[in-house]
Amino acid sequence: MTEAPTRKCPICGKPAVEKYRPFCSKRCADVDLNRWLTGSYVIPARDDEPLPDAEGDE
Ligand SMILES: [Zn+2]
């Protein structure tokens, strides 16, 4: 084993660089992070659905 195969950036498919593994650049790393974060923040807008009447004890 002399060289590890170059991994491709999962965002754009370019060869990744060691500094930003597994991405090719900070930009792609940010894109991935943003995807991840926004994916967690996807909240369906359901204004017309009444909230379940929860018990009001604190
Ligand atoms: Zn990239």
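Every value quoted in this text rests on a predicted model; they were computed, and no experiment measured them. Both ligands and their constituent atoms are indexed starting at 1 by order of listing.
Considering every non-hydrogen atom in both F23 and P10, the closest pair reads CE2-CG, 3.5 Å. For C28 against C24, the heavy-atom pair with the smallest separation is SG-SG, 3.7 Å. What you find for P22 and A16 is that their closest heavy atoms are O-CB, 3.3 Å.
Listed by chain and number, the protein N, O or S atoms at a distance under 2.8 Å from the Zn ion (ligand 1) are C9 SG, C12 SG, C24 SG, C28 SG.
Taking the side-chain contact (heavy atoms from CB on, under 4.5 Å) definition, one finds that K26 meets it with Y20, D30, sequence neighbours left out. Considering only residues two or more places apart in sequence or on other chains, D32 meets the salt bridge (charged side-chain N to carboxylate O under 4.0 Å, His left out) condition with none of them.
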